[in-house]
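In what follows, a single structure is set out as structure tokens and then discussed.
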Amino acid sequence: MLNPRERIERQMADPWLVRLHRKLSALKSTVTVMHTGAHPDDEQNGLLAYFRMKLGMRIIIACSTRGEGGQNALGPERLGALGVIRSRELEEAARVIDADISWLGHGPADIIHDFGFSKDGDQTFNRWGQQRIVERLVRAYRKERPDIVIPTFLDVPGQHGHHRAMTRAAKSAIALAADPAAYPEHIAEGLKPWQVAKYYLPAWSGGGDTYDDEVPPPETTLIVNAPGKEAATGAQYDRIGEWSRYYHASQGMGHWPKWAQEVWPLHLELSDAVGGEESSILDRLPSSLTDLATFPGLDAELSKALVKAEQAISQAIAAFPDRRNITASLLAAAALLQTVDEAAAADFKELHGHRIARKRVQVDAAILTALDVFERAYAEPGEIVAGGTSVLSVELSDKAGEFDVEVTPVLPAGVSSSVQSRGRTLVFSLAADRDAAVSGLYQPDWKALGGNGHAFVLLSATVEGRKVSAAFDLEEPFFVTPAQSLTIAPDALLVPLGKGQDAHVFHAHVKGADAPLSFRTTGGWNLRRNGGDWIAERTGDVTAGLARIEALVGSQPAFQITPIAYPHIGRARFLAPSVLNILSLDLKLPEGAHVGYVGGGADRVGLWLSRMGLNVSELDAQALGGDLSSFTTIVIGIFAFGIRKDLAAATEKLHRFVEGGGHLVTLYHRPTDGWDPETTPVRRLEIGRPSLRWRVTDPQAEVTVLAPEHPLLAGPNRINAADWAGWDKERGLYFAARWDDVYEPLLAMHDVDEQPLKGALVSGIIGKGRHTHTSLVLHHQMDKLVPGAFRLMANLVQPA
């Protein structure tokens with residue numbers, strides 16, 4: 001449940017007058033536009049805000065992945081956990097611009113997922129399956145029935161391969177969605193063929209700091225002009241778009257351009273409509289109820305009803321904020337729309353029935369918003385275990401007493417409710433069956449009209465004899481969770497070969513379960529309890545490799561529940577099987593190393609250095625301001641110069657640390673992460689941009705060692721070909737492009753058909769010390785327990 005401060009912030013961000021204005025503006029249009037993209041944060045939020053707030057169009061963001069292969073500028077979450085965060089971020093971003101979301105991919109276990117950067121659409125299709133992503137888009141078109149489809153990026157060289165694949169698939173899906181012979185399983189499920197009327201491409205380049213479109217954009221056939229400001233907030237539409245992008249905080253979003261964008265050029269690539277040049281994106285589309293009234297053969301009385309409904313809606317919009325007149329006009333519109341919905345002929349319903357049905361839902365939601373009968377709904381606790389209980393409270397306003405209000409909880413399968421008490425706060429007792437299934441991490445869609453999550457409430461009120469209904473979300477997501485959560489610390493043991501240490505201690509804490517804890521023995525290891533600890537013992541000779549030992553509670557696999565909480569997305573959680581990993585590897589540590597680690601929360605390198613057996617101290621602002629002479633090496637974590645504001649003040653001190661004999665190791669940074677090439681590194685070192693040109697995305701790309709006998713490659717671990725095997729996702733990114741002559745490049749690597757890049761690892765003697773900068777994704781390889789990453793990192797932190 002939200003605490004008081006969080007509730008205040010939520011209400012401040014969503015005042016009733018703005019909410020009512022948005023509900024009314026959504027009634028202006030019967031057109032739907034779908035914006036297709038590959039990742040959360042791909043969307044053109046300012047353009048979508050204009051479509052929705054000014055033109056009244058329904059907007060849908062169709063996103064193929066959860067962004068689980070990306071980076072996290074906020075904290076240590078990666079992969080599936082990051083996918084949960086970025087899914088929630090897109091949902092909150094969509095809430096700001098009143099958008100729906102159609103998720104096409106469902107997390108890292110789904111074959112359509114974010115596997116990291118790719119430079120080619122075909123490479124992406126090889127991973128996803130071209131027919132698979134096209135089929136999902138066809139399904140989305142048939143389900144959501146967009147009139148307009150606009151991809152986020154162009155399918156051109158120099159662009160992200162995921163973007164290129166999605167743009168190509170979005171176009172391919174249009175003809176198939178209209179073909180009744182394509183994907184007959186959709187038809188069997190009740191979906192019907194649908195013809196997208198217009199398919200636009202962006203008529204602007206997607207190049208910039210990250211991408212580098214190699215060919216110019218297509219010619220502009222339509223310019224979308226978005227001048228002026230939204231009436232409810234007094235903000236320009238692109239500013240509202242930035243309010244939306246602010247929620248993509250894990251990707252470092254939340255910028256404030258000096259000037260709000262007001263012009264978006266588009267290229268009409270496909271259209272089923274006949275006509276000349278366009279003056280508006282709505283040209284030749286049924287964009288209003290009055291347009292629908294001209295449908296050939298429509299009964300004259302129904303045609304009049306549509307015109308009158310349009311007039312009633314216009315009167316409601318003009319009456320803002322007079323709730324009484326708004327309600328009266330919308331009740332009239334609701335009755336007229338019901339008549340059309342129930343009496344229209346089949347041919348009208350085939351093409352436009354979904355527009356009438358949606359408009360009826362929108363009118364009901366606007367009426368209930370105008371009446372202001374709903375306050376909030378929340379569950380305590382916000383999760384339930386199989387066989388467990390919770391309490392759902394639904395708070396109504398004092399105005400609810402004027403109407404016959406009914407509240408119906410919609411709950412996960414296997415969870416039932418019963419009314420506990422009535423009044424302005426309705427209280428429901430919730431009970432989960434003993435076999436209730438655990439709720440999934442990734443929902444298939446998100447709806448601006450409400451009804452999201454595994455639980456929500458349906459509220460209806462009788463107003464002047466008419467029953468109106470709408471869905472309302474809970475304050476925080478509600479879900480069925482495993483009864484137990486097992487935390488293993490550390491979750492991975494690093495065992496150097498040949499050390500003679502046969503027993504290794506770890507802790508295992510089970511929360512919420514009475515059944516005994518055990519481990520499946522495997523890979524030459526036996527696990528036993530020793531008081532409050534557990535001991536992992538060798539049962540024989542252990543060779544290099546990874547042992548994954550599954551934990552059991554009773555006879556069932558154990559799960560670890562990791563809570564996720566950030567102010568911009570609220571609370572969530574990630575579930576993963578509880579496993580103890582034991583990595584046996586040939587690892588030697590540098591003698592006499594005392595490492596200071598400066599992290600920004602975006603990696604776990606400091607933790608891994610400690611687990612390797614090194615003497616590591618975390619350096620906060622106070623420590624950075626103190627005496628650094630006791631450290632042989634200081635490591636700066638990824639993004640840290642952009643996250644840690646205290647680092648800017650410590651830069652000169654870090655330079656003196658190097659010149660006095662220390663070893664400074666900086667892990668990769670983007671050019672925007674507070675990295676000034678002249679002043680941040682000890683000597684000039686420039687990070688390449690656009691970054692697409694300065695990365696190696698193939699994790700198995702050949703690595704050429706340029707200086708085999710260099711101290712950082714020759715010892716204490718001699719780096720060889722085996723150390724580059726088994727890498728995951730990519731070799732490196734944000735490579736150095738240019739540097740002072742004091743630095744020496746140590747490695748060269750490249751993707752297929754590209755020139756070698758030498759900026760993955762550079763190092764130079766400066767004064768009595770050394771500065772080393774690496775753009776290798778060592779933090780991710782360590783998380784994935786790649787042996788070579790630990791061996792190389794041990795070398796990099798050796799004293800100068």
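A quick note: this is a predicted structure, and the numbers were derived from the prediction, not measured.
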Donor-acceptor pair, distance only, cut-off 3.5 Å: does the side chain of [X] make one with the backbone of [Y]?
X      : Y      : value
Gln159 : Arg164 : no
Asp283 : Ser280 : yes
Asp473 : Asn452 : yes
Ser691 : Trp694 : no
Arg245 : Asp41  : yes
Gln443 : Asp445 : no
His106 : Pro444 : no
Arg644 : Gly600 : no
Asp42  : His39  : yes
Thr152 : Thr36  : yes

Non-hydrogen atoms of [X] and [Y] that approach each other most closely:
X      : Y      : value
Ala170 : Tyr141 : O-OH, 2.8 Å
Gly67  : Pro40  : N-CD, 3.6 Å
Leu474 : Ala455 : CG-O, 3.7 Å

TODO: Keeping to residues at least two apart or across chains, list the side chain to side chain donor-acceptor pair (under 3.5 Å) pairs with something in residues 20-33.
DONE: Arg22-Glu230, Ser25-Arg52

Open item on the list: Give me each pair satisfying side chain to side chain donor-acceptor pair (under 3.5 Å) with a member in residues 366-379, each pair once, sequence neighbours excluded.
Closed with: Arg376-Glu395, Arg376-Glu475, Tyr378-Glu395

Could you check if a side-chain atom of [X] sits within less than 4.5 angstrom of a side-chain atom of [Y], using non-hydrogen atoms only?
X      : Y      : result
Leu266 : Trp204 : yes
Ser250 : Leu82  : yes
Phe320 : Leu20  : yes
Tyr247 : Met253 : no
Leu27  : Leu330 : yes
Gln44  : Trp264 : yes
Tyr734 : Asp673 : no
Tyr200 : Ile281 : yes

TODO: Before giving the answer on side-chain contact (heavy atoms from CB on, under 4.5 Å), spell out for His162 and Trp128 the whole-Å C-alpha distance, their side-chain angles and the decisive distance to 0.1 Å.
DONE: CA-CA 10 Å; His162 295 178; Trp128 289 354; 4.2 Å; yes

- [ ] Could you label the plane-to-plane angle of the Phe641 and Trp675 rings as parallel, tilted or perpendicular, counting under 30° as parallel and over 60° as perpendicular?
- [x] perpendicular

Task: Option from Arg58, Lys143, Arg95 for which salt bridge (Lys or Arg N to Asp or Glu O under 4.0 Å) with Asp100 holds - done: Arg58

- [ ] Report the C-alpha distance between Phe574 and Glu77 in whole Å, list the side-chain angles of each, state the deciding distance to 0.1 Å, and finish with yes or no for side-chain contact (heavy atoms from CB on, under 4.5 Å).
- [x] CA-CA 10 Å; Phe574 180 68; Glu77 295 88 358; over 6 Å; no

With rounding to the nearest 0.5 Å, note down the distance linking [atom1] in [X] to [atom2] in [Y].
X      : Y      : atom1 : atom2 : answer
Gln11  : Arg19  : CD    : CZ    : 8.0 Å
Leu368 : Ser460 : CG    : OG    : 8.0 Å
Glu91  : Lys447 : CD    : NZ    : 9.5 Å

TODO: Using a strict cut-off of less than 4.0 Å between a Lys/Arg side-chain nitrogen and an Asp/Glu carboxylate oxygen, indicate whether Glu383 and Arg573 qualify as a salt bridge.
DONE: no

- [ ] Salt-bridge test for Arg10 and Glu6: reply yes if a basic N is under 4.0 Å from a carboxylate O, no otherwise.
- [x] no

Task: Leu449 and Gln362: CA distance, side-chain angles, deciding distance, side-chain contact (heavy atoms from CB on, under 4.5 Å) verdict - done: CA-CA 8 Å; Leu449 281 169; Gln362 290 175 322; 4.2 Å; yes

Side-chain donor-acceptor pair under 3.5 Å between [X] and [Y], yes or no?
X      : Y      : value
Thr124 : Ser118 : yes
Asp110 : His113 : no
Glu68  : Tyr442 : no
Glu242 : His255 : no
His248 : Glu43  : yes

- [ ] Please lay out, stage by stage, how Leu24 and Ile317 fare under the test side-chain contact (heavy atoms from CB on, under 4.5 Å).
- [x] CA-CA 6 Å; Leu24 292 172; Ile317 294 172; 4.1 Å; yes

Open item on the list: Taking the ring of His163 and the ring of Tyr211, is the distance between their centroids below 6.0 Å?
Closed with: yes

Open item on the list: Less than 6.0 angstrom from the centroid, inside 45 degrees of the normal: does Arg323 satisfy that with respect to the ring of Trp16?
Closed with: yes

TODO: For the pair Arg355 and Asp291, evaluate salt bridge (charged side-chain N to carboxylate O under 4.0 Å, His left out) and give the outcome as yes or no after the intermediate values.
DONE: CA-CA 12 Å; Arg355 305 183 203 275; Asp291 288 344; over 6 Å; no

